[in-house]
Amino acid sequence: MGQLGDLDLLHAATVAGRPVRSPASARSRPHASRLLRGPAPARRFGVAVRIVPSVLPVDFAHLGEAVARLDAAGADRLQWDAMDGQFVPNLTFGPDVIAAARPHAGCGFEAHLMCERPEELFERYVDAGCELIIVHPESLRQPHAALRQIRELGAGAGLALSPGTPVAFAEPVLDLLDLVLVMTVNPGFGGQPYLVSMEAKVARTRELIDGSGREIALEVDGGIGPDTIAGAAAAGADVFVAGTSLWRAASLAEGIEDLRARAEAARTAR
Ligand SMILES: O=C(CO)[C@H](O)[C@H](O)COP(=O)(O)O
């Protein structure tokens, strides 16, 4: 089932020229060894297309069953939207909830932290089973230190750009990033309409990443579905978070495969 794939790279790689983690420290976090498993997928355009269901729309009364279904349906990894009711006006998953769900899925987990003072929570989300931690620059007092902290915990580091946040926020920390997330809705709630105006920003982020010479994944999140994924893929995204739309598909597996096919086709054309 789904592998973290792209993020395998960071564990073979370095942070600014030095190893980010030893295999021993990976073993001390059993979930983190998922990053090391399996071959890297074929890459036609740098980072392979990844479909990452958001856990946000599932029935929380049956969380374990829901994440198992998403995993079995072909999710490349799952996204946990961690909201604290402060950074965004909604309240969702703490690390204990994610840890309880962890044994129910074999694919990777990413945490999208929409929280104030997220630095205090990184270790708890990594220990809960999240191999990738995504943070918003507005929430960080010292972005370099925070991103380094994530990588020293053995996780991948991602930076999320809200619709009003300029791409320039990613530039000074590119050497510490495994992923840039361009939000295609304002963070806080699922089921919002896709902001097509963000495609120009995705394209600018793609240029920035390509110019860096580093293999950094470019993720989009918010309103991604059959009608919108091609535009995001054509603009340069390679990782697609989908929540609401997947639960409208004939089946989760068909929904994931349909999104993957549409993204692949749009990338081939670009
Ligand atoms: O980050 C999020 C909200 O802050 C969600 O992941 C995102 O909105 C996905 O939801 P949907 O696919 O239902 O639009």
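One-based numbering, in listed order, for ligands and for the atoms of each. If you're wondering where the values come from, they're calculated on a predicted model, not measured in any experiment. Values below: every heavy atom of this structure, side chains too, minus hydrogens, waters and symmetry copies.
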Would the Phe60 and Phe93 ring centres measure less than 6.0 Å apart? yes

Can the positive tip of Arg50 be found less than 6.0 Å from the middle of the six-membered ring of Phe240, inside 45° of the ring normal? no

Compare Asn90, Asp221, Thr244, Val88 and give the one whose heavy atom is closest to atom 13 (O) of ligand 1. Thr244

Measure the distances from the heavy atoms of Gly222 to every atom of ligand 1 and state whether one is below 4.0 angstrom. yes

Phe189-Leu161 co-clustered via ILVMFWY side chain contacts under 4.5 Å: no

Hey, is Pro57 one of the residues with a heavy atom under 4.0 angstrom from ligand 1? no

For Asn186, is at least one N or O under 3.5 Å away from an N or O on ligand 1? no

I'd like to check which ligand 1 atoms, numbered from 1 as shown, lie under 4.0 Å from a non-hydrogen atom of Gly188. 3 (C), 4 (O)

Going by the order shown, which atoms of ligand 1 are within less than 4.0 Å of some heavy atom of Gly190? 8 (O), 10 (O), 13 (O)

Say whether Ser54 and Asp81, considering side chains only, have a donor N or O and an acceptor N or O under 3.5 Å apart. yes

Given 3.5 Å as the limit, does a donor-acceptor pair link the side chain of Arg77 with the main chain of Gly108, or not? no

Return yes or no for this condition: an N or O of Gly243 is under 3.5 Å from an N or O of ligand 1. yes

Decide whether an N or O pair under 3.5 Å exists between Val185 and ligand 1. no

Mind checking whether Ala242 has an N or O less than 3.5 Å away from an N or O of ligand 1? no

Parallel, tilted or perpendicular: which one describes the rings of Phe87 and His136, with boundaries at 30° and 60°? tilted

What about Met114: any of its N or O atoms under 3.5 Å from an N or O on ligand 1? no

For the student: nearest non-hydrogen atoms of Thr165 and Lys201, plus distance: O-NZ, 2.6 Å

Report, in ascending order of atom number, the atoms of ligand 1 lying under 4.0 Å from any heavy atom of Gln79. 6 (O)

